[in-house]
Amino acid sequence: MCAGSCFAFPCPCRSQARPNLTRLPASGMCGGNGRTDEMNLFTELRSLVIAELEAMTAAGALPAGLDMSAVAVEPPRDPAHGDMATNAAMVLAKPAGKQPRAIAEDLAARLSGDPRIASAEVAGPGFLNLRLQPVVWQGLVKAILTTGTSYGSSAIGMGHKVNVEFVSANPTGPMHVGHVRGAVVGDALSNLLAFAGWDVTREYYINDGGAQVDVLARSAFERYREANGLEPEIREGLYPGDYLIPVGEALKEKYGTSLLDQPESVWLTDVRDFATARMMEMIREDLAALGVRMDVYSSEKALYGTGEIEAAIDTLRGMDLIYEGVLEPPKGKTPEDWEPREQTLFRSTAHGDDVDRPVKKSDGSWTYFAPDIAYHYNKVRRGFDQLIDIFGADHGGYVKRMKAAVSALSGGRVPLDIKLIQLVKLYKNGEPFKMSKRAGTFVTLRDVVEEVGADVTRFVMLTRKNDMALDFDFDKVLEQSKDNPVFYVQYANARINSVLRKAREAGVAVDDATLSAANLALLAHPAELALIAKLAEWPRLVEIAARGNEPHRVAFYLYELASDLHGLWNRGNDEPGLRFIQDDPAVSQAKIALARAAGVVICAGLAILGVTPVEEMR
RNA sequence: GCACCCAUAGCUCAGCUGGAUAGAGCGUUGCCCUCCGAAGGCAAAGGUCGCACGUUCGAAUCGUGCUGGGUGCGCCA
């Protein structure tokens, strides 16, 4: 739905409904199309705790009207503390005017009556440690198998419309490594939010309105002259890259020699539009190579001339947030050519910024900030409940003013979260990888994808929090060892598939329907139940990651899950009873059901990261 | 000078928006393949969570002030 003027370029109005998560693997190996029931054991148990607390209130054991929102049911750090722990007694002790242990003991007695609870023990300052009956864990395996890779999906987004703007690379050349991380984080975050119940729009803002696209036009024009047999003059400040040579040839094909003797004023606009379109084609291909898909491409240039910028600024003016004034020079570091200048300013300080920001240059034209304001206003008016921008860390100084603008223009209704992506340092076999921008030998996105593949690139880019610098070693990311998380997780999945293959060869039915109907009560070993407990954390992890806009958590979770699986696998060396394949087919099916459930979660997680699971290591 | 980000084991990094004895990989040391893939696993050693106050039942996490590193700071986006 493109609200208002069809602003998007080239406006693929998102009218058709999209599936909840579109990057599910194409192969049938991961299963899928299950229900998305509430299958979060932690929220389920929290509901139970709350219900018992309310019963205590009704019985007069707790005062009425207590705020229960701080009551949490979480996995304890130490497995010795049980399966789940609640802080209810400690949180409520003060407002209830009672001793934490007294509340905890009362609550423990009540919870013990629930068929799901094996034990409830008061511990420490007032924690209540819960152990669940094995049947609860066994039931979860069955539920995962019948649900498939939508296990863990959630409704916490409540269908809220969120716009994720990312990449937004200048359309002046191919994407380079600096863009890759932002692209991957934005894409994975979009997948994550969709999985957690948000209505996500992925958007690219094309910076085609500034001076840099004029430079692009002049650079392309030289290549056009070159295509016509003339010597190109790639002056200082123009883009020297070879990628413009085909653009020059295409210009020759379109215009022949007709532009050669014309002044810039004649050809600039046409050549600029032509070259920009070509660059965007190239960027789309780059994104596709990385497996990144956008819903909407928005053009900065399209904002000019439509009155959108003026309208946005006028809206701010109506709030008394625009005025003519003179900025103070930055203290302690006055630029050499500083002179007081009256400019049109946005009173961003009224919305949390440190100084007011200019929206017009001294010659009366807009600064880059003005169309950005209009663009974000456009997003607000398109009805998004929430905006997310993914910027490079060097744009950190831009965050406050952008938030101020959105705050003002949405009347505080629409939160804007800006994720700053720290830089990626390239290495080759442990040695820093030198790039020279001047010589045009910068590493492109294509270079990276061709060298190590999109899956590896994507996973590695998500192995750090967005605001931490990331080392990317072309050799190490391909290493097949456990210090390479990509391999480690893939290997876990490969082992699971290996078990399924072996079982099939032995004539054991291992399709999901059969496995989910297996006698899962045979899964009773603590090591097996521990792996199930890890699988139980998946829905919770999704919610935490989605709420914080932190897709990297998925990658770390998958690593932990893989570690648990490898651990259980190897215990089979010493304890044959823990091997997945047993003599008794019924026992095999129960154990394979667990392995398969782990595989389903790995697949679901990898799908969010946009990484293809492999069935076999090569 | 100001703003934002970072500081956790020798190294590289997680740490659930305030929970219990702070975790993982690498590296070091010692173990485990007639066995579903050892491309793996187990165990040990390794910590003043940069420093100092504060908030409270409780702080790596929140607040304030420092120290050290990164990014940015009016007519580039």
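The basis for the numbers below is simple: all heavy atoms, side chains too, and nothing from hydrogens, waters or symmetry mates. Sequence lines set the chain letters: A, B, ... in the order given, protein chains first and strands last, and positions in each chain run from 1.
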Just call it for [X]: base, sugar-phosphate, or nothing, with non-hydrogen atoms closer than 4.0 Å on any strand.
| X | value |
| --- | --- |
| Arg357(A) | nothing |
| Asp337(A) | base |
| Ala72(A) | nothing |
| Pro171(A) | nothing |
| Asn207(A) | sugar-phosphate |
| Asn129(A) | base |
| Arg553(A) | sugar-phosphate |
| Phe127(A) | base |
| Ser498(A) | base |
| Tyr398(A) | nothing |
| Gly210(A) | sugar-phosphate |
| Gln582(A) | nothing |
| Ala503(A) | nothing |

request  = Starting from the 5' end of RNA chain B, give me the residue, Glu616(A) or Gly124(A), whose nearest nucleotide shows up first.
outcome  = Gly124(A)

request  = Take Asp471(A) and Val355(A), find for each the nucleotide of RNA chain B with the closest heavy atom, and name the residue whose nucleotide sits nearer the 5' end.
outcome  = Asp471(A)

Would you say a side-chain N or O of [X] is under 4.0 Å from OP1 or OP2 of [N]?
| X | N | result |
| --- | --- | --- |
| His552(A) | G15(B) | yes |
| Arg341(A) | G74(B) | no |
| Lys94(A) | C57(B) | yes |
| Arg495(A) | A38(B) | yes |
| Tyr488(A) | G41(B) | yes |
| Lys476(A) | U12(B) | no |
| Lys98(A) | C57(B) | no |
| Lys482(A) | G41(B) | yes |

Donor on one side chain, acceptor on other, [X] and [Y], under 3.5 Å:
| X | Y | result |
| --- | --- | --- |
| Glu308(A) | Asn378(A) | yes |
| Gln589(A) | Thr514(A) | no |
| Tyr557(A) | Arg553(A) | no |

For the side chain of [X], counting heavy atoms from C-beta on, which of [options] is nearest?
| X | options | result |
| --- | --- | --- |
| Pro75(A) | G25(B), G1(B), C16(B) | C16(B) |
| Trp569(A) | A77(B), A20(B), C36(B) | C36(B) |
| Lys361(A) | C57(B), C76(B), G74(B) | C76(B) |
| Asp483(A) | A14(B), C26(B), A24(B) | C26(B) |
| Pro76(A) | A20(B), C6(B), C13(B) | A20(B) |
| Lys400(A) | C36(B), A3(B), U21(B) | A3(B) |
| Glu74(A) | U17(B), C76(B), U12(B) | U17(B) |
| Ile544(A) | C36(B), C16(B), U12(B) | C16(B) |
| Asp354(A) | C6(B), A3(B), C13(B) | A3(B) |
| His566(A) | G1(B), G41(B), G25(B) | G41(B) |

In terms of the angle between their ring planes, are [X] and [Y] parallel, tilted or perpendicular, with boundaries placed at 30° and 60°?
| X | Y | answer |
| --- | --- | --- |
| Phe556(A) | His552(A) | perpendicular |
| His395(A) | Phe391(A) | tilted |
| Tyr205(A) | Tyr375(A) | parallel |

Paired with [N]: which nucleotide, if any, by Watson-Crick or G-U wobble criteria at under 3.5 Å for both distances?
| N | answer |
| --- | --- |
| U21(B) | none |
| A43(B) | U29(B) |
| A7(B) | U67(B) |
| G72(B) | C2(B) |
| U34(B) | none |

Rounded distance in Å - [atom1] ([X]) to [atom2] ([N]):
| X | N | atom1 | atom2 | value |
| --- | --- | --- | --- | --- |
| Arg401(A) | G72(B) | CZ | P | 13 Å |
| Asn170(A) | A77(B) | CG | C1' | 6 Å |
| Glu575(A) | C32(B) | CD | P | 17 Å |
| Ile309(A) | A77(B) | CD1 | C1' | 13 Å |
| Lys534(A) | A24(B) | NZ | P | 12 Å |
| Gln422(A) | U12(B) | CD | P | 15 Å |

message = A cation-pi test, strictly: NZ or CZ of Arg347(A) under 6.0 Å from the centre of the six-membered ring of Tyr323(A) and no more than 45 degrees from its axis. Yes or no?
response = yes

request  = Determine, for Arg501(A) against Glu505(A), whether the closest basic-nitrogen to carboxylate-oxygen distance falls under 4.0 angstrom.
outcome  =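 No, this pair does not count.
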
query = Around atom CG of Asp583(A), are there more than 12 heavy atoms of other residues, nucleotides or ligands at under 6.0 Å?
reply = no

